[in-house]
Amino acid sequence: MTDTFEALRLNPLLLQALKDEGYKAPTPIQAQAIPAVMEGRDLLGIAQTGTGKTAAFALPLLHKLALLKGRPPRGGCRVLVLSPTRELATQIAESFRTYGKHLGFSIATIFGGVGFGGQRQALGRGIDVLVATPGRLQDHLEQGSARLDHVSALVLDEADEMLSMGFQSELEEIFKQTKDRKSTWLFSATFQ
Ligand code: AMP
């Protein structure tokens with residue numbers, strides 16, 4: 001297992017951000033997941049909050065985004081992370097901002113309980129990393145303010161929670177609409 005971030009061959013601007021945060025070494029899930037993701041493999045992770053799982057997907061995703069050319073399409077995003085709650089979505093987006101602070105990507109959240117206007121505006125500009133709850137994302141898809149045909153990586157965080165909250169049909173629709181994705185990662189606290 002890899003015991004330094006340098007050995008994971010992450011973008012130097014990510015290594016700088018990790019240094020700024022005072023992270024000394026990858027956690028076990030990071031050491032296992034990051035190399036797999038860098039190779040473009042799909043991933044199923046059984047991990048609870050507190051294990052460092054957010055960085056396990058955020059770091060390699062940001063690394064890969066930095067290799068892409070061009071801009072995200074209007075209404076669309078390049079990386080889509082689904083989360084069961086607005087609190088977790090906010091936290092995940094915050095982590096992407098922290099780790100990606102030297103890279104300058106656009107990162108936005110979409111969740112229910114707030115107005116549509118700001119979310120529509122953000123989508124309209126095109127987003128590099130979108131963190132969304134399935135219900136509100138589905139609303140945007142139905143209204144035509146979001147499109148998912150340019151998503152290259154899809155992450156389901158706390159997939160078990162999303163299913164037990166009844167988001168199965170939304171997840172199926174999102175899977176269908178992200179048919180061009182190159183990788184899919186699923187994190188769950190339990191696996192049944
Ligand atoms: P998570 O499991 O993703 O919710 O992360 C739990 C906490 O661990 C967060 O506060 C992270 O900032 C922190 N963290 C993640 N990876 C590392 C690391 N390699 N070294 C130190 N702290 C970390």
Side-chain angles (χ1 to χ4, degrees), residues 1-39 41-66 77-113 127-134 136-137 151-165 167 171 174 183-192:
M1 214 150 70
T2 319
D3 55 10
T4 65
F5 282 113
E6 285 73 15
L8 294 170
R9 303 220 243 162
L10 291 165
N11 184 303
L13 295 175
L14 290 171
L15 295 178
Q16 182 58 49
L18 293 172
K19 217 164 159 193
D20 299 345
E21 287 305 296
Y23 290 12
K24 303 250 176 322
T27 66
I29 188 166
Q30 291 161 7
Q32 286 177 1
I34 294 173
V37 169
M38 299 279 269
E39 285 170 24
R41 281 190 264 151
D42 286 346
L43 190 83
L44 171 66
I46 309 299
Q48 319 242 352
T49 298
T51 52
K53 77 175 149 103
T54 315
F57 60 81
L59 292 170
L61 281 171
L62 287 163
H63 176 93
K64 293 202 156 202
L65 269 179
C77 60
R78 306 209 268 200
V79 167
L80 175 61
V81 183
L82 297 175
S83 139
T85 64
R86 61 190 280 177
E87 290 77 17
L88 182 62
T90 305
Q91 229 174 292
I92 294 168
E94 213 36 62
S95 298
F96 270 97
R97 288 195 185 99
T98 301
Y99 306 138
K101 68 181 184 182
H102 300 302
L103 287 163
F105 293 123
S106 54
I107 296 159
T109 48
I110 279 192
F111 43 68
I127 299 166
D128 290 307
V129 179
L130 176 62
V131 189
T133 54
R136 178 55 71 95
L137 180 58
V151 170
S152 62
L154 173 66
V155 182
L156 282 79
D157 198 7
E158 300 201 350
D160 49 343
E161 275 294 312
M162 289 194 278
L163 288 174
S164 66
M165 288 167 79
F167 282 131
L171 294 180
I174 291 164
S183 52
T184 309
W185 309 336
L186 194 144
F187 290 88
S188 186
T190 57
F191 182 56
Q192 288 166 351

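Throughout, residue positions are numbered sequentially from 1 according to the sequence presented. A quick note: this is a predicted structure, and the numbers were derived from the prediction, not measured. Counting starts at 1 for both ligands and their atoms, in listed order.
A donor-acceptor pair under 3.5 Å is formed between the side chain of Ser106 and the backbone N or O of Asp128. Side-chain atoms of Gln30 come within 3.5 Å of backbone atoms of Gly52 as a donor-acceptor pair (strictly under, hydrogens ignored).
More than 12 heavy atoms of other residues, nucleotides or ligands lie within 6.0 Å of CZ in Arg97, so this atom counts as buried by the packing criterion. Within a 6.0 Å sphere centred on CD of Gln48, other residues, nucleotides and ligands contribute 12 heavy atoms or fewer.
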Anything under 3.5 Å between an N or O on ligand 1 and a protein N or O? List each pair with its distance, or write none.
| from | atom 1 | to | atom 2 | distance (Å) |
| --- | --- | --- | --- | --- |
| ligand 1 | 2 (O) | Gly50 | N | 2.6 |
| ligand 1 | 2 (O) | Thr51 | N | 3.0 |
| ligand 1 | 2 (O) | Gly52 | N | 2.7 |
| ligand 1 | 2 (O) | Lys53 | N | 3.4 |
| ligand 1 | 3 (O) | Lys53 | N | 3.4 |
| ligand 1 | 3 (O) | Thr54 | N | 2.9 |
| ligand 1 | 3 (O) | Thr54 | OG1 | 2.6 |
| ligand 1 | 12 (O) | Tyr23 | OH | 2.4 |
| ligand 1 | 14 (N) | Tyr23 | OH | 3.4 |
| ligand 1 | 16 (N) | Gln30 | NE2 | 2.8 |
| ligand 1 | 19 (N) | Ala25 | O | 2.8 |
| ligand 1 | 19 (N) | Gln30 | OE1 | 3.0 |

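If you take NZ on Lys64 and CG on Leu10, they are separated by 11.5 Å, rounding to the nearest 0.5 Å.
Between Glu6 and Lys19, no side-chain nitrogen of the basic residue sits less than 4.0 Å from a carboxylate oxygen of the acidic one, so the salt-bridge criterion is not met.
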